[in-house]
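In this text, all values refer to a predicted model and were calculated from it rather than measured experimentally.
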Amino acid sequence: MMGMTVDEIRNDFPILKRKVNGKPLVYFDNGATTQKPLQVINRITDYYTNDNSNVHRGVHYLSQIATEEFENARKNIAGFINASSREEIIFIKGTTESVNLVASSFETMIDEGDEIIVTVLEHHSNFVPWQQLCYRKKAVLKVAPVDGYGNIDLGFFKSEISEKTKLVAIAHISNVMGTILPVEEITAMAHRYNAAVVIDGAQAIAHLPVDVQEIDCDFYTFSAHKAYGPMGVGVLYGKKSWLEKMDPYQFGGEMISTVTINETKFNTLPYKFEAGTPNVSGVLGMETALKYISDAGFEYIANHENELLDYATSELKKIEGLKIIGESANKTAVISFVVDGAHPYDIGTIMDQLGVAVRTGNHCAQPLIDNFEIPGTVRMSFGIYNTIDEVKTAVSALEKAVMMIK
């Protein structure tokens, strides 16, 4: 794919050719989920057409083929994020399940008075599990603030991480503002006090190269569907040393070594955390999607999406009464905004009638929205297949929407 044009890339995404309300679809809701290329669609179809079988449990030919493909995908996905071992890759439904898995397993490691640190910009999936864990264990939840530009307050981490800190949970990229957090620096601060670090990489995996060994995080998680892969599947990376000491999140088939009437012994890694029949087709689709990203190259992705971000930002700022929420100098291709006198929902509804798909609301990040004292935002989030012409169409639709509302 190296050297392909955006028009050639768009040909891989059949949904982009459809119309919405009689208008060509402009899809700017990639932060919620990305569209899927034919390569991913065909890979899933091929599995169900030719190789469908349950993995790990059969001696027959199809089971062996499916198992080999499934485990080869684990190896390749480990390579994509530079995990040190395939045993550190746990397949789960998505980022939400990953965070809940870690929170559940950490329940026995958190005592009354211990502290967990999150940020105010977290998605609910990386906020509520820790909040609820603190409630149950009478631990203390500390929340790092952001400044007016959406940058995280590093001074907070420097002053608040201590011997009481057991875990730090942070997003790699804000799903609302696109702010890229200094995850390596925060991880280093946490590790000085032996605190574990959990990184929500759902918004990062399709936009930035991720090297978990370089970051040195203890856990990193992402969902395939935000990286041009299928829904209902994702990855939890965990350092082997942590995974070995953690208790399983669910119980059932596959995660068992032996069972007697009086005792159960759990399977080795990574299967200890993979109870039940896995989403084999989803894992193969995810592997294909990550290969698609690799083939495109992160240099191309960054250049292309930054061009869209810069152009859209400059055009949106020309609209009277529009305010962008989160203007960090270090951000990726997400723009959230409000317009004086116009509710985000109304703007989004009118833009949809004009064929432009954007997100409205609090984006499952209500503490952040409350922090800015706004009802919500309109969010445009860009992907590998979006174009400058689509930005022009969206800005025109927004101008019409604002004019109709006001």
Just to verify, what does [X] make a ring-ring contact (aromatic ring centres under 6.0 Å, His included) with, not counting sequence neighbours?
X	value
Y385	F13, Y228
F28	F382
H56	F70, Y271

Hey, would you say the W242 and F106 ring centroids sit under 6.0 Å apart? yes
Is the side chain of [X] donor-acceptor paired with the backbone N or O of [Y] at a distance under 3.5 Å, no angle test?
X	Y	value
N21	D352	yes
K240	S85	no
T349	Y345	yes
T179	G150	yes

Kindly give the heavy-atom pair with the smallest separation between [X] and [Y], and that separation in Å.
X	Y	result
F273	P248	CE2-CA, 3.7 Å
V143	V120	CG1-N, 3.4 Å
H60	S53	CE1-OG, 3.1 Å
V140	G113	CG2-O, 4.5 Å
N126	V118	O-CG1, 4.0 Å

With under 30° as parallel and over 60° as perpendicular, where do the rings of Y300 and H304 fit, or are they tilted in between? parallel
Checking side chain to side chain contact (heavy atoms under 4.5 Å, CB included) for the pair K239/D216: CA distance, chi angles, key distance, verdict? CA-CA 9 Å; K239 283 183 178 176; D216 197 30; 2.8 Å; yes
Approximate separation, where rounding is to 0.5 Å, of F337 CZ and I325 CD1: 10.5 Å
Once rounded to the nearest 0.5 Å, what's the spacing between atom CD of Q39 and atom CG of N42? 7.5 Å
So if I apply the salt bridge (charged side-chain N to carboxylate O under 4.0 Å, His left out) rule between R74 and each of E274, E87, E287, which one comes out positive? E274
Sequence neighbours excluded, which residues qualify as salt bridge (Lys or Arg N to Asp or Glu O under 4.0 Å) partners of E88? none
Is atom [atom1] of [X] surrounded by more than 12 heavy atoms (other residues, nucleotides or ligands) closer than 6.0 Å?
X	atom1	answer
F251	CZ	yes
Q64	CD	yes
K17	NZ	yes
Y149	OH	no

Return the set of residues passing side chain to side chain contact (heavy atoms under 4.5 Å, CB included) with S281 (not counting sequence neighbours), or none when no residue passes. I44, Y47, Y48, N279
Verify the distance criterion only: is there a donor paired with an acceptor across the side chains of [X] and [Y] at less than 3.5 Å?
X	Y	answer
E122	T119	yes
N151	S328	yes
D200	N175	no

Result of checking T33, T95, T96 against S223 for side-chain hydrogen bond (donor to acceptor under 3.5 Å, both in side chains): T95
May I ask you to decide whether D340 forms a salt bridge with K323, counting only side-chain N to carboxylate O separations under 4.0 Å? no
For the pair M189 and L154, evaluate side chain to side chain contact (heavy atoms under 4.5 Å, CB included) and give the outcome as yes or no after the intermediate values. CA-CA 10 Å; M189 285 189 275; L154 276 178; 3.8 Å; yes
Criterion side chain to side chain contact (heavy atoms under 4.5 Å, CB included) on R10 and T387, from CA distance to verdict: CA-CA 10 Å; R10 286 176 66 83; T387 67; 3.9 Å; yes
Strictly by salt bridge (Lys or Arg N to Asp or Glu O under 4.0 Å), give each pair with a member in residues 159-172 just once, sequence neighbours left out. K142-E160
Show the numbers, then the answer: is there a salt bridge (charged side-chain N to carboxylate O under 4.0 Å, His left out) between K318 and E399? CA-CA 10 Å; K318 296 176 184 177; E399 290 172 336; over 6 Å; no
Report the C-alpha separation of I15 and Y27 in whole Å, then their side-chain angles, then the decisive distance to 0.1 Å, and conclude whether the side chain to side chain contact (heavy atoms under 4.5 Å, CB included) test is met. CA-CA 10 Å; I15 199 171; Y27 186 79; over 6 Å; no
